[in-house]
Amino acid sequence: MCGIIGYIGKKDALKVVLNGLKRLEYRGYDSAGVAFFDNFKKIRTFKSAGKIAVLEKSIFKHNPHSSVLAIGHTRWATHGAPTKINAHPHLDCRGEIAIAHNGIIENYESLREALGREGHIFRSSTDTEVVAHLIERSFTMGARTFEDAMREALRHVKGSYAIVALSSRFPSRIVAAKNGSPILLGLGENEYIIASDASAITEYTKKVVYINDREILTISGGNYRIFDMSNRTLSRKISNIDWSVEESQKGGFSHFMLKEIHEAPKVIENALRGRVSVKSGKVKLSELDAIKNRLKQIQRVVITACGTSYFAALVGKYLMETFTGLSVEVVNASEFRYRPPVLNSSTAVIAISQSGETADTLEALREAKKMRAVTIAIVNVVGSTIAREVDAVIYNYAGPEIAVASTKAFISQLVILVLAALYLRDSVVGIIPKPDIDPLKIMRELLSLPSKAKKTLEQSDEIQKIAAKFSRFDNFLFLGRKFNWPTALEGALKLKEISYIHAEGYPAGEMKHGPIALINPKFPSIVIALKDSVYEKMISNIEETRARKGPIIAVASEEDNEIFKYSKDVMFIPKVSEELSPILAVLPLQLFAYYVAVLRGTDVDQPRNLAKSVTVE
């Protein structure tokens, strides 16, 4: 989603901002721009559609004056096409105020009409531009400070926003505001960096301050102040970012996505570290200990998420029902508020989000809190908004995920859902009978997963050959059952996200209820057929497909030599219990999608129209 950065300090602000924008490229964008002060303390802007390299070339062609203060933005189009004129920052009528904004101003049309009647002239099609004109209006109505003008402007705004702003009336000051969209402040040596994402900050500092909703930040004279809409100064603790710039670099791989797929063994280790005790036979999730008494009273679980995280949630449903006997419902976060499930204090709501900023998931969580549900988050970004608003948070510790298409975060989510299911099995008391499983056996197998993931990834050359064979096909069907039905959904999503191939995931038992009509020699099916409780059923699905001359690619258990009767193209994974099999089964699907996309020449790390962190509804 859109990226924001602002800088004030002794370095060349324009270079710092451009560097920060490059760090934010992975979020997905279609245009970019910067604003800063010239020698005469007047605001100058440079904007362009397309990549940041185009913007950078345009800027340095004019060799602008070095500034100690600047703001920048990468835009993912919502209101108005991805053009230079719609790129941020936006100016007011007089060119005295510059605004960069993430989020959506929901009442922008009525504000635009009202401001137009007062004589304000709009140049873009964006919702953002109204904020610049509202601040301008605040000054004409008597606001004496930049902070007062911002606060008065925001009283009229409905919607989500992260805003950074400059004013030529106050040329040594940056003012920022937040509601719904993320923004944080990095504290460097005699410098401050405002950003929507920690990746733009870590090169300069690990110390950050998080800004909460309906709060305003001002930086001036080597100091900063955070205050609310009533102008009350707020205190805020300083947090530390726990990953480095090096972790967010490619490390010799062709793409971030390939690097992140190959990080799966380490990701599994990190998710398990300190959380599994074979000696005691129990899972340790100290993050949940503070709410353990509340968890003892729960009678059902609702998991909410979007996209890839939603498919992890579907696996989580199977795990929790299998391990605990609790009733578990999975709800798309984008639908949660519009058909809210029945919730109360005996319900635990688990929100899953890689970024911890997903707008739909955050709003679902807030709805759950209103209904007094116990709220738990599984997120990867420490200090993110979702992490700060729940009763308890379990961190993935997967490190930064740069590629837009999520891979390693999905793996870590699955591992944590296994741990959470085992933890709930021990924690929940009452009349719910516990299913007959062996937790110690599952924990031992969890600890073996890093080496098994490594073994799976060692087949990448063979998977690449299969991808080359099928890279020119334009339609795929992904089939799975039980624990691996969601794996099929995720495999299809990865392929469509990065290669732009039409792909559909389906529970295999539903194939004959419609999708079988699509099968022909040009419509391959990728079938997850592991040696588990539904193996024979999956073989039947393969036979149904072969009878209609549909090509088959199988994901199979490595000891299964019979699978070659049904398919010449097989991607193997080591033997693993079916409860844990999605953690390994998804790896060949991720690699297959990656190699197909590379062969088709798409932008693997930044696929078109997509954003890493979806911070608008």
Side-chain angles (χ1 to χ4, degrees), residues 1-6 27 71 73 75-76 78-79 88-90 97 99-112 126-135 137-138 143 146-165 174-185 194-198 208-219 224-234 236 333-334 337 351 353 355-367 369-370 381 383-390 611 613-617:
M1 198 55 68
C2 305
I4 277 179
I5 183 165
R27 293 167 63 95
I71 62 175
H73 189 265
R75 179 177 185 250
W76 186 81
T78 55
H79 298 72
H88 301 208
H90 290 288
I97 297 156
I99 290 288
H101 161 240
N102 291 352
I104 291 179
I105 308 301
E106 295 174 2
N107 61 333
Y108 87 99
E109 288 185 338
S110 60
L111 290 174
R112 187 173 178 129
T126 68
D127 55 331
T128 298
E129 193 180 353
V130 300
V131 180
H133 292 281
L134 283 171
I135 296 174
R137 181 179 183 274
S138 297
F146 197 0
E147 294 82 359
D148 287 342
M150 174 68 81
R151 193 169 61 252
E152 175 57 30
L154 293 178
R155 294 188 195 282
H156 302 280
V157 170
K158 295 179 182 178
S160 62
Y161 55 77
I163 294 169
V164 291
I174 296 179
V175 176
K178 177 192 183 304
N179 188 51
S181 292
I183 199 163
L184 53 97
L185 173 66
I194 304 169
S196 53
D197 190 308
V208 298
V209 172
Y210 295 100
I211 314 302
N212 295 326
D213 284 354
R214 304 295 289 172
E215 292 181 355
I216 299 173
L217 164 71
T218 182
I219 308 169
Y224 71 93
R225 175 179 172 242
I226 301 170
F227 54 99
D228 62 18
M229 292 296 287
S230 298
N231 203 27
R232 291 176 296 199
T233 299
L234 306 170
R236 193 62 40 79
S334 58
R337 287 189 294 165
S353 167
S355 67
E357 303 291 352
T358 310
D360 288 315
T361 308
L362 179 58
E363 292 304 325
L365 173 68
R366 289 169 174 167
E367 192 73 23
K369 288 175 73 71
K370 291 178 186 176
V381 180
S384 55
T385 304
I386 289 174
R388 299 200 306 274
E389 293 199 11
V390 289
S613 178
V614 184
T615 55
V616 297
E617 288 190 73

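Throughout, residue positions are numbered sequentially from 1 according to the sequence presented. Note that this is a predicted model, so its numbers are computed, not measured.
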Measure the shortest side-chain to side-chain distance between [X] and [Y] over non-hydrogen atoms and say whether it is less than 4.5 angstrom.
X: Asn212; Y: Arg236; result: yes
X: Leu217; Y: Tyr224; result: yes
X: Val381; Y: Asp197; result: no
X: Arg75; Y: Thr126; result: yes
X: Lys158; Y: Ile105; result: no
X: Leu154; Y: Ile216; result: yes

Side chains of His73 and Asn102, donor plus acceptor under 3.5 Å: yes

Give a yes-or-no answer on whether the side chains of Thr385 and Glu357 include a donor-acceptor pair shorter than 3.5 Å. yes

Should Arg112 and Glu109 count as an ion pair when the cut-off is N to O under 4.0 Å? no

If you measure from [atom1] on [X] to [atom2] on [Y], what distance do you get to the nearest 0.5 Å?
X: Thr128; Y: His90; atom1: OG1; atom2: NE2; answer: 5.5 Å
X: Lys369; Y: Arg366; atom1: NZ; atom2: CZ; answer: 10.0 Å
X: Ile135; Y: Met150; atom1: CD1; atom2: CE; answer: 4.0 Å
X: Glu215; Y: Ile183; atom1: CD; atom2: CD1; answer: 11.5 Å
X: Arg337; Y: Leu365; atom1: CZ; atom2: CG; answer: 11.5 Å
X: Ile71; Y: Ile5; atom1: CD1; atom2: CD1; answer: 11.0 Å

What's the shortest heavy-atom distance between [X] and [Y], and which atoms?
X: Val131; Y: Ile163; result: CG1-CD1, 3.9 Å
X: Ser181; Y: Gly103; result: OG-CA, 3.6 Å
X: Ala198; Y: Leu184; result: N-CD2, 4.1 Å
X: Ala162; Y: Ile4; result: O-CD1, 3.1 Å
X: Asp228; Y: Leu234; result: N-CD1, 3.9 Å
X: Gly6; Y: Ile174; result: C-CD1, 4.3 Å

Could you please spell out the steps behind the salt bridge (charged side-chain N to carboxylate O under 4.0 Å, His left out) verdict for Glu147 and Arg225? CA-CA 10 Å; Glu147 294 82 359; Arg225 175 179 172 242; over 6 Å; no

Can you tell me if Arg232 has over 12 outside heavy atoms packed within less than 6.0 Å of its CZ? no

Under 3.5 Å, is there a donor-acceptor pair between the side chain of [X] and the main chain of [Y]?
X: His88; Y: His101; result: yes
X: Ser160; Y: Ile104; result: yes
X: Arg155; Y: Met229; result: yes
X: Asn179; Y: Gly159; result: yes

